[in-house]
Amino acid sequence: MENRVKATFVSSIILYSARYRQRMLGEYDPDRLLADWWRALEFFFCRTCFQGRRDEVSEGAFREVVAVRGEQFSGKDSMERYGMASTI
């Protein structure tokens, strides 16, 4: 009985993870995220900035984070400093 309960539980997790990927991650291409570090960082910011706040507040936080990071990583010299020259 216990193994059947565990199997049902695991099956439910798999089902809901597939739904989550379709609904929440469907617009993202994993290959592009692996190849483009800036897109991957934006993906991360999207997931962390929109946690538990009103959309307007989250959108403002996201824009500010991207603006600060954009200034920090803009330009070839800055990219080389952070070991990311191969991705430009």
As an exercise, state the distance from [atom1] of [X] to [atom2] of [Y], rounded to the nearest 0.5 Å.
{"X": "Asp31", "Y": "Asp36", "atom1": "CG", "atom2": "CG", "value": "12.0 Å"}
{"X": "Phe44", "Y": "Arg39", "atom1": "CZ", "atom2": "CZ", "value": "15.5 Å"}
{"X": "Glu59", "Y": "Cys49", "atom1": "CD", "atom2": "SG", "value": "9.5 Å"}
{"X": "Thr8", "Y": "Asn3", "atom1": "OG1", "atom2": "CG", "value": "10.5 Å"}
{"X": "Phe9", "Y": "Ile14", "atom1": "CZ", "atom2": "CD1", "value": "11.0 Å"}
{"X": "Arg21", "Y": "Tyr16", "atom1": "CZ", "atom2": "OH", "value": "14.5 Å"}

Which heavy atom of [X] sits nearest a heavy atom of [Y], and at what distance?
{"X": "Phe62", "Y": "Glu42", "result": "CE1-O, 4.0 Å"}
{"X": "Leu33", "Y": "Ala40", "result": "O-CB, 3.4 Å"}
{"X": "Phe50", "Y": "Ser58", "result": "CD2-CB, 3.2 Å"}

Exercise. Are there more than 12 heavy atoms of other residues, nucleotides or ligands under 6.0 Å from atom OH of Tyr20?
Worked result: yes
Problem set entry | Heavy-atom neighbours of Glu64 CD exceed 12 at 6.0 Å | no
